[in-house]
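For clarity, every value in this text was computed on a predicted model and none was experimentally measured. FYI, the numbering just counts along the sequence from 1. Counting starts at 1 for both ligands and their atoms, in listed order.
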Amino acid sequence: MRVDLITLFPDICAGPLRESIIGRAQARGLVQIHCTDPRQFASDRHRTVDDTPYGGGAGMVLKADLIQQAVASVSSPEAQVILLTPQGERFTQRSAERLARNHRHLVLVCGHYEGMDERARQTLFDEEISIGDYVLTNGTIAAAVVVDAVVRLLPGALGTDESAVDETFAQDNLLEYPQYTRPARLDGMAPPDVLLSGNHTRIQRWRQEQKLVRTASRRPDLLLPELETMT
Ligand code: ADE
C-alpha cells in the first residue's frame, strides 16, 4: 500500500509512524508513507496557504488551489482521496478494514483551523473521515490514527495474522476478554481458575461470556446500536 499524507505539519505524524509495528511495516515494504506539505505549492513570498473567509468571520480557510495541486502531485488513478475533518463519517474498525482491503493507495488530506474552501471539498474527495466527536487543532493527528489502524491490518504487519482476528472490535464488534500472564499471584490476586484448567472448550466459553459481559457493561451501544442514537 502507498499512503500520501498532505499536511502542513509533517513532523506531527512522522514520529508515531516511524515507530513499532507501522515502522516495521514500512521497513518490510508493506507500506510506503510519504508526506507532502501544500506550502511547497505556494508561489508568493510568504508561502501563504490560507486566507481570510469570504463574508468575514474568525479563522483562516485553506486555499483550494494549493490543496488541488498537492493532491494532483501525489494522486494516482487508484487513489482513495480522503479529507480528515470532524464533519466526516465516524471512523471505526469497519472503516479501517474497508480501507485496508479495498485500496492500494490512500491520499489523506489534513484540514486545519476553520477548514478548507468548500470548492476543494466538493471536487477532490472520495470520502471525509472524522476520528471522533471532538475538534483537534488540525487533521494530522487524525490522519496518523487512520494510518495506524489501517496499516496494522495489512497482511504481514502483525506478528501472525491471528492477532488482528481475536481482538476488540474484530468481526463480532465486541470488546476483548480480560487477559492474564505470569506471575500467578499478584498482590493476593490470582487469574480465574478456568484459565489454568487446560480445558480449551471451557476457556473458549468463558472468554466468549466475558466479551459479552464487558461489552454490556462498558459499551452497551455496541450490542444495541439504537441506544447510541438515543444519547
Ligand atoms: N480535524 C480536527 N478534528 C478532527 C477529527 N475529530 N477527526 C478528523 N479530523 C479532524
Practice problem: Report the member of Gly111, Gly88, Gly132, Ala142 with the shortest heavy-atom distance to atom 8 (C) of ligand 1. | Solution: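 Going through Gly111, Gly88, Gly132, Ala142 one by one, Ala142 has the nearest heavy atom to atom 8 (C) of ligand 1.
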
Best match, Thr85, Val146, Thr140: closest heavy atom to atom 9 (N) of ligand 1
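The residue whose heavy atom sits nearest atom 9 (N) of ligand 1 is Thr85.
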
query: Quick one: does Asp133 get within less than 4.0 Å of ligand 1, heavy atoms only?
result: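 Contact check Asp133 vs ligand 1: negative.
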
**Q.** Arg47 backbone acceptor or donor facing Arg39 side chain under 3.5 Å
**A.**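 Flag set: sc Arg39 to bb Arg47 pair under 3.5 Å.
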
For [atom], closest protein heavy-atom neighbour:
| atom | value |
| --- | --- |
| atom 7 (N) of ligand 1 | Ile131 N, 3.0 Å |
| atom 3 (N) of ligand 1 | Leu136 N, 3.0 Å |
| atom 1 (N) of ligand 1 | Pro86 CD, 3.5 Å |
| atom 6 (N) of ligand 1 | Tyr134 O, 2.8 Å |

Review point. Is there at least one pair of N or O atoms, one from Val135 and one from ligand 1, spaced under 3.5 Å apart?
Key: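 N/O-N/O distance below 3.5 Å does not exist for this pair.
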
**Asked** So, Arg121 and Gln87: side-chain donor and acceptor under 3.5 Å apart, yes or no?
**Response**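 Yes, a side-chain donor-acceptor pair sits under 3.5 Å.
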
Please list, in number order, the atoms of ligand 1 under 4.0 Å from a heavy atom of Ile129.
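Contacts of ligand 1 toward Ile129, numbered from 1: 8 (C).
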
Worksheet entry | Under 4.0 Å to a heavy atom of Gly139 - the qualifying atoms of ligand 1, by number |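 Answer for ligand 1: 1 (N).
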
